[in-house]
Amino acid sequence: FAWYTVYFKPQKACAPGEACELPANQKRNKILLWVVTLLVIGLLGFPYLIGPGSGAAVASTAGSARVEKVTLKVSGMTCSSCALGVEGSLKATEGVLNAKVTLDPPYAVVEYDPQKVTLEELLAVTRKIGYPSEPLKSAPEKQKPQG
């Protein structure tokens, strides 16, 4: 519509003193139209220019780091805020790739890079915020209802 208005719409006669009478206004409108058009084309083409897989979510160490997974039994958690606090502290630890903490049962499943953080450091993180933990020897099994 803007292109039609600036370049193709028949010009009506302007009364003396109106803005459409000044050639400077017409030139400014054309320049502004070109700038906005180029900006829109640039923004529409930007995803194609940067290419796929260049986002921050892509891991830079694809396959080079060894990942270990440990399940910790966390003591002292009484509410969902406790679980969120433990999960946040674990995720903030350098070398922890993912952490999921549940209140019932009180477990923390942590995926980490053993070259950056040790199991003892993970235990120290939970102990430091007031919830001591210990690694489970085997994966926790869901209890079957008795009946």
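In what follows, residues are counted from 1 in the order of the sequence shown. Values reported hereafter were calculated over all heavy atoms of this structure, with side chains retained and with hydrogens, waters and symmetry mates removed.
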Hydrophobic cluster (4.5 angstrom, side-chain heavy atoms) - remaining members for L43: L39
Side chains of L123 and P135: closer than 4.5 Å at any heavy-atom pair? yes
Flag side-chain contact, heavy atom, 4.5 Å: D113 against V117: no
Point-to-point distance, once rounded to the nearest 0.5 Å, from OG1 of T126 to NZ of K73: 13.5 Å
Flag side-chain contact, heavy atom, 4.5 Å: L33 against T37: yes
Tell me, please, which residues at least two apart from K30 pass salt bridge (charged side-chain N to carboxylate O under 4.0 Å, His left out). none
Hphob cluster co-occupancy, L119 + V110, side-chain heavy atoms under 4.5 angstrom: yes
If every non-hydrogen atom of Y131 is compared with every non-hydrogen atom of G76, which pair is closest and at what distance? CE2-O, 3.5 Å
Hydrophobic cluster membership, I129 vs V74, 4.5 Å side-chain cutoff: yes
Ignoring hydrogens and angles, write down the donor-acceptor pairs under 3.5 Å from the side chains of residues 83-97, residues two or more places apart or on other chains.
unit_1: E87; atom_1: OE1; unit_2: V101; atom_2: N; d: 3.1
unit_1: E87; atom_1: OE2; unit_2: K91; atom_2: NZ; d: 3.2
unit_1: S89; atom_1: OG; unit_2: G85; atom_2: O; d: 3.0
unit_1: T93; atom_1: OG1; unit_2: S89; atom_2: O; d: 2.9
unit_1: T93; atom_1: OG1; unit_2: L90; atom_2: O; d: 3.4

Applying side-chain contact (heavy atoms from CB on, under 4.5 Å), run through V109 and N98 and close with a yes or a no. CA-CA 8 Å; V109 179; N98 193 16; over 6 Å; no
Rounded to the nearest 0.5 Å, what separates atom NZ in K128 from atom CD in E121? 12.0 Å
